[in-house]
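One structure is given here, and the rest of the page talks about it.
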Amino acid sequence: MIELRSLRAGYRSGEVVRGVSLRFEPGRVTVLCGPNGCGKSTLLKAALGMAERSGGEVYIDGGELGTLSRGEIARRAAYMPQDRPVPSISVRRMALHGRFPYLGWPRRYSKMDYAAAERALELAGALDIADAPLPELSGGQRQRAYLAMALAQETANILMDEPTAFLDIAHQLAVMDTARRLAGEGRAVVLVLHDLCLALRRADALALMDEGRLIALGAPDEVFKSGALDRVFGVSIRRAATDEGWQYYYV
């Protein structure tokens, strides 16, 4: 579990996250949503010590962030960033990079590391491109490669910033299926998503942010009924009952 207590964070240009208290709980898929620039990505980075805190506390599996080494953080929480480099290596090698927190120096992979990478490739739907060089892949294929790297860390917490970007509809749904499977294993799963309809259908909890603050938090149905999504995004979100449950749409 990751717990944020009155978290404040930002950059030299100013504070971006303003007093957010939030828990990412085991066995649940939590989706962070909100307009561009509202602080979602900064919040994830601050939760892992990658953005400067100006106040508040962060606990990862009971350990206060400031007392944990980089290696300890990486063994407790995996992070898939929004912006990533494209090195000239294969997808399988990229997945193996997720094992770095468990390796000494010089880095020597064990059978356990190779097995973890293969499991991650399969879970990310990337086995078919495992031997392909990253620079030769489409944006969606690269997205699956980086998802595999995050999954290979095999942590109790996994934070993903826009993991469905560049993916077609089938692979977007596959990512959500993977998130739900990970939560079913007892992990705390956190996603930043811009697709509100997808988040409303598949998340356990929605955390709505605006201007660096937490505006609403709760089950998707509760947040939808509050009208907060309409107010923050300036759109009208409606839903219709179907045989497969509520389907959400914009009007």
Side-chain angles (χ1 to χ4, degrees), residues 29 31-32 36 40-42 44-45 47-51 69-183 185 187 189-195 198 202:
V29 176
V31 169
L32 289 178
N36 289 334
K40 302 182 298 294
S41 297
T42 302
L44 292 190
K45 292 177 181 178
L48 299 176
M50 301 169 64
S69 68
R70 294 305 308 168
E72 288 174 319
I73 294 171
R75 290 189 290 273
R76 296 185 186 205
Y79 172 58
M80 180 180 170
Q82 181 178 3
D83 299 313
R84 296 168 290 278
V86 186
S88 296
I89 60 175
S90 71
V91 173
R92 178 173 279 106
R93 182 61 58 177
M94 177 57 67
L96 278 167
H97 282 192
R99 303 301 299 169
F100 281 5
Y102 303 97
L103 304 180
W105 186 261
R107 296 187 179 114
R108 293 191 176 91
Y109 298 114
S110 67
K111 291 182 179 179
M112 184 181 300
D113 297 316
Y114 284 110
E118 290 300 307
R119 286 194 297 271
L121 287 166
E122 182 176 8
L123 196 54
L127 275 176
D128 60 326
I129 55 172
D131 296 317
L134 277 175
E136 297 180 9
L137 300 178
S138 69
Q141 289 171 321
R142 291 174 189 169
Q143 197 80 339
R144 285 188 275 153
Y146 278 93
L147 176 58
M149 183 176 71
L151 296 177
Q153 282 181 240
E154 296 189 330
T155 56
N157 308 278
I158 180 164
L159 287 63
M160 296 181 274
D161 195 349
E162 297 192 41
T164 60
F166 307 113
L167 297 179
D168 58 37
I169 294 173
H171 283 102
Q172 289 180 32
L173 295 175
V175 167
M176 294 307 294
D177 287 341
T178 298
R180 298 222 56 82
R181 194 182 315 171
L182 294 169
E185 296 172 356
R187 307 194 207 192
V189 183
V190 187
L191 311 175
V192 170
L193 291 182
H194 282 291
D195 188 334
L198 183 61
R202 306 298 288 273

**Request:** Could you grab the distance from atom CD of Glu122 to atom CG of Leu151, nearest 0.5 Å is fine?
**Result:** 11.5 Å
**Request:** Provide the closest heavy-atom pair for Leu121 versus Ala148 in the form atom of the first, atom of the second, distance.
**Result:** CD2-CB, 3.9 Å
**Partners passing side-chain hydrogen bond (donor to acceptor under 3.5 Å, both in side chains) against Gln153 (at least two apart in sequence or in another chain)** = none
**Request:** Report the distance from atom CE of Met176 to atom OG1 of Thr164, rounding to the nearest 0.5 Å.
**Result:** 8.0 Å
**Gly140 to Leu167 - nearest heavy-atom pair and separation** = O-CD2, 3.2 Å
**Fill in**
dist Arg180:CZ -> Thr178:OG1 (nearest 0.5 Å) comes out at 11.5 Å
**Request:** Would you indicate whether the side-chain heavy atoms of Leu198 and Val31 approach each other to under 4.5 Å?
**Result:** no
**Item:** From Ile73 atom CD1 to Asn157 atom CG, the distance as rounded to the nearest 0.5 Å
**Value:** 11.5 Å
**Complete:** Sorted by chain and residue number, the side-chain hydrogen bond (donor to acceptor under 3.5 Å, both in side chains) partners of Asp83 (sequence neighbours excluded) come out as none
**Item:** Considering all heavy atoms, the nearest Pro87-Pro85 contact
**Value:** CD-O, 3.4 Å
**Asked** Is the shortest side-chain N to carboxylate O distance from Asp161 to Lys40 below 4.0 Å?
**Response** no
**Complete:** Between Thr155 and Ala78 the two heavy atoms that sit nearest each other are OG1-N, 3.1 Å
Exercise answer: donor-acceptor pairs, residues 125-138 side-chain atoms, under 3.5 Å, sequence neighbours excluded:
from: Asp131; atom 1: OD1; to: Arg92; atom 2: NH1; distance (Å): 2.4
from: Ser138; atom 1: OG; to: Gln141; atom 2: N; distance (Å): 3.3
from: Ser138; atom 1: OG; to: Gln141; atom 2: OE1; distance (Å): 3.3

**Chi angles and distances behind the side-chain contact (heavy atoms from CB on, under 4.5 Å) call for Arg202, Val29** = CA-CA 8 Å; Arg202 306 298 288 273; Val29 176; over 6 Å; no
**Item:** Smallest separation among heavy atoms of Ala120 and Ala152, with atom names
**Value:** CB-N, 3.5 Å
**Item:** Minimum heavy-atom distance Pro101-Gly71, with the two atoms named
**Value:** CB-O, 4.5 Å
**Item:** Pairs meeting criterion ring pair (Phe, Tyr, Trp, His ring centres under 6.0 Å) with involvement of residues 138-176, two or more places apart
**Value:** none
**Item:** Residues forming a side-chain contact (heavy atoms from CB on, under 4.5 Å) with Ser110, sequence neighbours excluded
**Value:** Met112, Asp113
**Request:** Could you note down all residue pairs passing ring pair (Phe, Tyr, Trp, His ring centres under 6.0 Å) where residues 70-105 supplies at least one of them, sequence neighbours left out?
**Result:** His97-Phe100
**Message:** Applying salt bridge (charged side-chain N to carboxylate O under 4.0 Å, His left out), can you list everything that pairs with Arg70, at least two apart in sequence or on another chain?
**Reply:** none
**Prompt:** Arg76: what forms a side-chain hydrogen bond (donor to acceptor under 3.5 Å, both in side chains) with it, not counting sequence neighbours?
**Reply:** none
**Asked** Rounded to the nearest 0.5 Å, what separation is found between the CG atom of Leu96 and the CD1 atom of Ile89?
**Response** 9.0 Å
**Fill in**
Sorted by chain and number, sequence neighbours left out, salt bridge (charged side-chain N to carboxylate O under 4.0 Å, His left out) with Arg119 holds for Glu154
**Asked** What residues form a ring pair (Phe, Tyr, Trp, His ring centres under 6.0 Å) with Tyr109, not counting sequence neighbours?
**Response** Tyr114
**Request:** State which residues pass side-chain hydrogen bond (donor to acceptor under 3.5 Å, both in side chains) with Glu162; sequence neighbours excluded, sorted by chain then number.
**Result:** Gln82, His194
